[in-house]
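We name chains A, B, ... by the order of the sequence lines, and we start the count at 1 in each one. Note that the structure is predicted; figures quoted are calculated from it, not measured. Heavy atoms only: backbone and side chains are in, while hydrogens, waters and symmetry mates are out.
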There are 2 protein chains.
Amino acid sequence: MELEKLVHIAGLIGEPARIKMLWTLMDGKAYTATELALFAEVSPQSASAHLGKMVQANLLKVSCQGRHRYFSYARDEVAYAVEGMANLISLQKDKLIPATKDFPFRYCRTCYDHIAGRAGVVITDRLLMLEYLVEKGDAYAMTAQGQTFFKDFGIDTDVLLKLRRPFARPCLDWSERRSHLAGSLATAIFEKIITEDWMRKVQHSRTLSITAKGQLNLYETLGIEI
Amino acid sequence: MELEKLVHIAGLIGEPARIKMLWTLMDGKAYTATELALFAEVSPQSASAHLGKMVQANLLKVSCQGRHRYFSYARDEVAYAVEGMANLISLQKDKLIPATKDFPFRYCRTCYDHIAGRAGVVITDRLLMLEYLVEKGDAYAMTAQGQTFFKDFGIDTDVLLKLRRPFARPCLDWSERRSHLAGSLATAIFEKIITEDWMRKVQHSRTLSITAKGQLNLYETLGIEI
DNA sequence: TAATTATTTAATTCTAGAATGAAATATATA
DNA sequence: TATATATTTCATTCTAGAATTAAATAATTA
């Protein structure tokens with residue numbers, strides 16, 4: 001019966017360790033059982049049991065690589081469900097959070113080693129609009145103007161292009177449901193933005209906060225108002 | 001911290017009795033504690049405790065009327081979150097369900113006393129497109145052509161218009177995220193469709209199934225193919 | 001007014017299911 | 001080959017939180 005299934009799925013997602021794991025996986029990356037155990041603060045045995053249940057329920061899928069087993073979402077609907085829950089947390093009755101509706105995490109955060117959230121999407125949009133990057137298949141290619149821009153920005157793209165790692169590719173942003181920039185270029189931009197103190201990492205969180213300096217410079221270099 | 005809140009909310013939604021109550025409330029109506037206790041198959045005391053927690057977390061709101069306390073969603077986000085979970089149930093690995101992606105409940109169901117789901121939205125769209133109804137403020141008004149159509153259809157709109165109850169108004173459909181028709185006209189249409197055996201109620205469920213006769217007639221009267 | 005119905009509260013019991021501990025399996029590395 | 005690491009399995013223990021029991025509160029009806 002339908003209702004029984006709903007109860008089952010809700011029960012799976014509602015367990016602390018499991019929702020923590022699901023939250024960790026929101027960046028779209030695959031993680032090993034051990035990594036997820038650490039994030040969820042449970043023992044490897046517990047994690048294994050939890051992960052098994054979620055695979056069973058087709059919430060997660062596993063890809064085996066040697067002695068590692070990488071877990072990730074089995075389908076987009078899982079991310080939407082988790083997002084649906086996350087959207088509930090900002091506006092509790094006893095809210096201490098001020099005016100802004102979007103909690104900072106969605107607004108501006110890291111996704112592995114690059115900028116995600118609204119800020120990530122806006123920057124990516126802008127780089128495309130200014131034709132510093134263009135879509136090419138399922139990746140982004142740099143234009144001549146782009147090369148000049150990034151050089152001025154302080155990024156040596158020649159070095160990046162020689163790396164094995166993908167240079168610039170889209171990464172689906174769950175909160176925006178649109179793509180932001182990933183790859184070695186995205187990492188370089190992120191590092192530059194941090195070292196120049198345009199943004200700051202918030203401790204023990206993937207949240208980023210934008211500095212006044214950053215606001216000014218993002219406007220001057222890319223015409224972005226955040 | 002953000003993560004703790006997510007764990008809390010997910011835990012609230014993940015409990016069997018609570019998700020059953022939340023599911024019941026998906027039709028947008030308000031229900032008393034006793035009704036919700038029945039739906040969730042728990043004692044009134046348990047239900048009261050569960051409801052208290054959900055009100056506390058601002059998932060539900062209460063409106064008091066005499067000795068009754070009516071519970072309903074505190075905000076749309078709750079419906080989206082529940083919907084997000086429901087979207088996960090159809091495609092489990094061990095699925096027994098055949099081809100159709102949308103499970104019947106979403107497809108065609110009752111919402112209180114009228115037709116909701118995909119079918120409800122399609123019928124409403126068609127009535128507007130054929131200009132039998134037109135939007136008027138936050139309600140629908142019947143046109144002259146509409147009057148003729150409903151008369152041929154076997155509905156005495158003169159009687160309906162004299163009732164206190166709203167004649168025709170939009171009702172947000174959670175699964176479609178669009179409006180379907182509610183009000184006395186919607187009820188009359190629903191009753192007509194049932195008595196003419198165009199659709200049948202599925203026992204102990206809000207699901208409706210469309211008969212062959214219904215398919216034919218919906219096509220002939222409204223040009224709808226379902 | 002008393003009796004009835006709706007709901008909540010508080011104290012206690014109970015249990016599903018998570019955590020734990022010990023051991024097995026499987027892959028990688030030296 | 002032996003050793004270390006990653007992960008799972010199983011049997012057992014433990015506990016958060018749901019259910020229960022009993023009683024209080026509050027509005028409604030007779």
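- Distance check: L36(A) CG to R18(A) CZ gives 13.5 Å after rounding to the nearest 0.5 Å.
- Under the salt bridge (charged side-chain N to carboxylate O under 4.0 Å, His left out) criterion, E191(B) pairs with no residue, sequence neighbours left out.
- Residues satisfying the side chain to side chain contact (heavy atoms under 4.5 Å, CB included) test with T157(B), not counting sequence neighbours, are M142(B), Q147(B), F150(B), I155(B), F167(B), L185(B).
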(request) Take nucleotides 5-15 of chain D nucleotide by nucleotide from the 5' end and write B, S or -, depending on whether a protein heavy atom sits under 4.0 Å from the base, only from the sugar-phosphate, or from neither. (result) BSSBB------
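- Every pair tested for ring pair (Phe, Tyr, Trp, His ring centres under 6.0 Å) that includes a residue from residues 43-72 of chain A fails, sequence neighbours excluded, so the list is empty.
- The stretch residues 10-20 of chain B touches DNA chain D through E15(B), R18(B), each having a heavy atom under 4.0 angstrom from the strand.
- The side chain of S46(A) places no N or O atom within less than 4.0 Å of a non-bridging phosphate oxygen (OP1 or OP2) of dA18(C).
- In the set dA18(C), dA19(D), dT20(C), the nucleotide with an atom closest to the side chain of S43(A) is dT20(C).
- For E196(B), the salt bridge (charged side-chain N to carboxylate O under 4.0 Å, His left out) partners two or more places apart in sequence, or in a different chain, are K192(B).
- Evaluation of the side chain to side chain donor-acceptor pair (under 3.5 Å) rule for E35(B) yields T32(B) as partners, not counting sequence neighbours.
- For S184(B), there are no side chain to side chain donor-acceptor pair (under 3.5 Å) partners two or more places apart in sequence or in a different chain.
- Distances shorter than 4.0 Å separate none of the side-chain N or O atoms of K53(A) from OP1 or OP2 on dG17(C).
- Whole-Å rounding puts the Q56(B) CD to dT9(C) C1' distance at 15 Å.
- Considering only side-chain N and O atoms, H50(A) lies nowhere under 4.0 angstrom from the phosphate OP1 or OP2 of dG17(C).
- T34(A) meets the side chain to side chain donor-acceptor pair (under 3.5 Å) test with no other residue; sequence neighbours excluded.
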